[in-house]
Amino acid sequence: MSIIAVLDLGGSSLKFGYGTTTAGLIWDSKIELTQISRKDIYAVIEDAVTQICNHSGETLTAIVLGSPGQVNSETGQIISGSPNLPDWKGANPGHYLREIFSVPVQVENDANLMAFGEAGRWNYEKTVLGITLGSGIGGGFVEGGKIFRGSGFSALEIGHTIVHPGGRSCLCGKKGCLEAYSSAASLLRQVEEAGVNEVGFLSLQTLLEKCDSNPIIKKIVEESVELLALAIANVAIILDPDIIVIGGGMSDIPAFNYDLLCSNIARFREDNTSREWDLRPAYYGNKAALRGGIYLSAKKKV
Ligand SMILES: [Zn+2]
């Protein structure tokens, strides 16, 4: 059997696994990122591919890596990495992995891969807008089996659209980006800034669980959801997708209020739109990007 290694780099962890074009995703695992220098990330992705080879005992034929930020999918270079991984900018994991494992390597924006994985569920017959909610906020759009990347590989960077002119500082250097309000990292930061520093607020899960009992947290979360919904609705009005898929690590947390997000998105829908938006949680959950990697490898170039 020949396998495809798939890796999905996030701001705080690396998900990875392997599969085949016929069997789909066969096995997957995860490594938490404790250090985020470029050298550390290279070491982690190399370790992941080695684990895949050892675990499967099969012949590796290709590697697909999803990464946050602007990714040159033709060369495998990270043009501008995620603000959560500042040292990743300029890295070329495509070149790095090709040198070590001597197989074809494709590097793609992580949200593009997620949208591509979800679009595969409909055999690429529907247009899919994918939104990933995690340390950062990403977007991907797939139409006719093709990823829409824009002229400089930065299309659908919804996290850095401005929702509050002159507002909160974003790690990208701008002010008022969606990510400065609605990402997991920003939610934790806003709660800290509001002085809600009870022992136990160590994770996003704890924060979301306390949402109903703590009015300060509730206000911050509700505002973040409203701005997120506004940004998603604006993109949906522009692109008119068949399906809008919400995924990423934050949407996987049981306390994440998916219904509140959907009802807010629906508020911003055009009045004269004849059909309602088809909003769904990611069918493949937080493994959608890994699935997307396998599908992408099968299609070779999209
Ligand atoms: Zn930004």
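Each ligand, and each atom within it, is numbered from 1 in the order the structure gives.
With a cut-off of 2.8 Å, the protein N/O/S atoms near the Zn ion (ligand 1) add up to 4.
Among pairs with a residue in residues 42-63, those fulfilling ring pair (Phe, Tyr, Trp, His ring centres under 6.0 Å) read Trp27-His55, Tyr42-Trp88, Tyr42-Tyr96, at least two apart in sequence or across chains.
With Arg280 contributing its side chain and Val245 its backbone, the two residues share no donor-acceptor pair below 3.5 Å.
Ser73 and Arg149 form a side-chain donor-acceptor contact under 3.5 Å, judged by distance and modelled atom types alone. A donor-acceptor contact closer than 3.5 angstrom links the side chains of Lys175 and Ser169.
Not a single side chain to side chain donor-acceptor pair (under 3.5 Å) links Ser135 to another residue, sequence neighbours left out. Contacts of Arg98 classified as salt bridge (Lys or Arg N to Asp or Glu O under 4.0 Å), with partners at least two apart in sequence or in another chain: none.
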